[in-house]
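No experiment lies behind these values; they were computed from the predicted model shown.
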Amino acid sequence: KEEINNLNNKKNKYQNINQKINSIFNSPRYVYKANVKIELKDETIKRKIIGKNSLHLITMDNELIPISDIIDIDFDD
């Protein structure tokens with residue numbers, strides 16, 4: 001039962017991050033890029049994101065950031 005709870009928590013966390021990412025791309029503030037602050041497992045970074053695929057965020061510099069490594073994401077004002 002504990003394993004199922006852990007799986008559900010990971011699934012919910014991943015879903016919440018995807019929801020946050022989608023809300024950034026659907027925001028009126030997003031035209032072709034968004035300045036964001038991304039909290040990863042071991043650091044916090046600031047990037048300009050321009051797109052995403054099913055596994056990665058894509059930055060202005062063609063850097064791929066694995067969505068599975070993202071703990072939190074928000075606009076960097």
Stepwise side chain to side chain contact (heavy atoms under 4.5 Å, CB included) test for Q19 and N22: CA-CA 5 Å; Q19 288 171 345; N22 287 335; 5.8 Å; no

So which pairs with a foot in residues 55-77 pass ring-ring contact (aromatic ring centres under 6.0 Å, His included), sequence neighbours left out? none

Whether Y30 side chain and I50 backbone form a donor-acceptor pair below 3.5 Å: yes

Atom CG in D61, atom CD1 in I58: separation rounded to 0.5 Å? 12.5 Å

Should K52 and L57 count as side-chain neighbours, where that means a heavy-atom distance under 4.5 Å? yes

Shortest non-hydrogen contact from K41 to I71? CA-CD1, 3.5 Å

May I ask you to test the K20-D72 pair for a side-chain heavy-atom distance under 4.5 Å? yes

How about I70 and L40: do any of their side-chain heavy atoms sit closer than 4.5 Å? yes

Is any side-chain heavy atom of D74 less than 4.5 Å from a side-chain heavy atom of V36? no

State, with a plain yes or no, whether a side-chain heavy atom of M60 is found less than 4.5 Å away from one of Y32. yes

Rounded to the nearest 0.5 Å, what separates atom CG in N16 from atom CD1 in I73? 13.5 Å

Gap separating the CG atom of N35 from the CZ atom of R29, nearest 0.5 angstrom: 9.0 Å

Heavy-atom check, side chain of I67 versus side chain of L55, under 4.5 Å: no

Could you please spell out the steps behind the side chain to side chain contact (heavy atoms under 4.5 Å, CB included) verdict for I38 and I65? CA-CA 10 Å; I38 303 168; I65 300 169; 3.7 Å; yes

What's the shortest heavy-atom distance between D76 and K37, and which atoms? CB-N, 3.8 Å

